[in-house]
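Structure first, commentary second.
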2 protein chains.
Amino acid sequence: MSGHPFDIRPGEATVAPPERFDAGLYFIGRIRTPWTRREDCPKNARESGAVCSIETDPRWAQALAGVETCTHLLVLYWMDKARRDLVRQVPRHLGEPRGTFALRSPARPNPIAASVVRLVRVSGCMLEVVGLDCLDGTPLLDLKPYFASTDAVPDAVVGHARRRG
Amino acid sequence: MSGHPFDIRPGEATVAPPERFDAGLYFIGRIRTPWTRREDCPKNARESGAVCSIETDPRWAQALAGVETCTHLLVLYWMDKARRDLVRQVPRHLGEPRGTFALRSPARPNPIAASVVRLVRVSGCMLEVVGLDCLDGTPLLDLKPYFASTDAVPDAVVGHARRRG
């Protein structure tokens, strides 16, 4: 694996991070995917129909009651391989700089990913889902029911991405 | 303010949390809303058309470049008033227990909220948005562009909520 994910490209900018953390996270499980190298991950979760597993820690088992009635979940996970000080980034597919908060890049002050997945099956503390694109072993932070009424905005537009075609 | 948010109701269950945190978060700004007491917050963000403000720390100013081209954003914030050890909860509007991961309750191992907002205006480090329902002063964790292609699932169903009517 190259050091690439931690290098800075021309046009990118960093800032000094705050001196201390303000809150702490528990890793509540792990995500199992077919991808062990960043370059193998699908560029976009909709590209892949791969069934991935979410293994929650048995400590939280009771918290899964009712999850099986959801067709879709919002999965929050921790992109622990990403640097946190990039404010301006040059994504390879764009070739020009964007602010970090205008991108879904893993590199961000708090590298929390939010992915919508289709739930295939719940079996004890293990969930099978479709729609993830992360590395095998990625730490899990949260599972939430996906409510179309508040979470689905089919006509939303990201202008800077659209302009690129 | 009553101690209610920290009390346990009949039918609810807790577990001992892990002994230490696995990762740390930076608060990158604050959310300004009209609501200073939990009981005043809208039950559901779509209930309210209130324009709220997101004030990002000037340290991250460059990270906002391009955000103004988005019609909608995914906002992650930290529900710092919530307890983290509840695995089974009895929401008032349901009256019967559900697992924490089947609910959008603030009480969860990692109390990270994910809300879709409509972007009204960007002015320096301040964003005006519609679609939040949190307390005034809530710490901000992340801003992401909302991509309809991956984030919108209009036909998603939360079975346990639907059965209640």
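By convention in this document, chain letters (A, B, ...) are assigned in the order of the sequence lines, proteins followed by strands, and residues within each chain are numbered from 1. The figures that follow rest on heavy atoms only: side chains count, while hydrogens, waters and symmetry mates do not.
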Atom group of A:Arg88 that falls short of 4.5 Å from chain B, counting heavy atoms: side chain

Exercise: identify the closest heavy-atom pair between A:Gln62 and B:Ala13: OE1-CB, 3.8 Å

Among the listed options A:Pro111, A:Ala16, A:Pro97, the residue most often paired with chain B at heavy-atom distances under 4.5 Å: A:Ala16

Chain B contact via A:Leu64 - which portion, at a heavy-atom distance below 4.5 Å: both

Sub-4.5 Å side-chain heavy-atom contact between A:Arg108 and B:Leu76: no

Closest approach of A:Ala65 to B:Ala102 (non-hydrogen atoms, all atoms of both residues): O-CB, 3.5 Å

Proximal to chain B - members of residues 134-144 of chain A, heavy-atom separation under 4.5 Å: A:Leu141, A:Asp142, A:Leu143, A:Lys144

Region of A:Arg118 in contact with chain B, defined by heavy-atom distances below 4.5 Å: neither

Over all atoms of both residues, closest heavy-atom pair of B:Ala152 and A:Tyr146: CA-OH, 3.4 Å

Single-linkage hydrophobic cluster A:Val15~A:Val90, side-chain heavy atoms < 4.5 angstrom: no

Spacing of OH belonging to A:Tyr26 relative to CG belonging to B:Asp85, to within rounding of 0.5 Å: 8.5 Å

Per-residue contact mode, A:Leu103 against chain B (heavy atom under 4.5 angstrom): backbone

Greatest number of heavy atom pairs closer than 4.5 Å to chain B - which of A:Asn110, A:Ile112, A:Asp57, A:Thr56: A:Asn110

Per-residue contact mode, A:Trp60 against chain B (heavy atom under 4.5 angstrom): both

Top contributor to chain A contacts, counting heavy-atom pairs under 4.5 Å, from B:Asp22, B:Leu86, B:Val87: B:Asp22

Distance-minimising heavy-atom pair for A:Trp78 and B:Gly24: CH2-O, 3.7 Å

Any side-chain heavy-atom pair of A:Phe101 and B:Ile28 under 4.5 Å: yes

Part of A:Leu74 within contact of chain B (heavy atom distance under 4.5 Å): side chain

Spacing of A:Leu25 atom CG and B:Leu25 atom CG [to the nearest 0.5 Å]: 4.0 Å

Closest non-hydrogen atom pair between A:Ala148 and B:Ala156, with its separation: CB-O, 3.9 Å

Heavy-atom contact with chain B under 4.5 Å, split by part of A:Ala114: both

Exam field: side chain A:Thr100 to backbone B:Ala63, donor-acceptor pair closer than 3.5 Å: no

Joint cluster assignment, B:Ile54 & B:Val122, ILVMFWY side-chain distance < 4.5 Å: yes

Under 4.5 Å from any heavy atom of chain B - which part of A:Val67: both

Heavy-atom pair of closest approach, residues A:Val158 and B:Pro145: CG2-CB, 4.0 Å

Residue, of B:Cys70, B:Gly66, B:Ser105, B:Pro109, that accumulates the most heavy atom pairs under 4.5 Å with chain A: B:Pro109

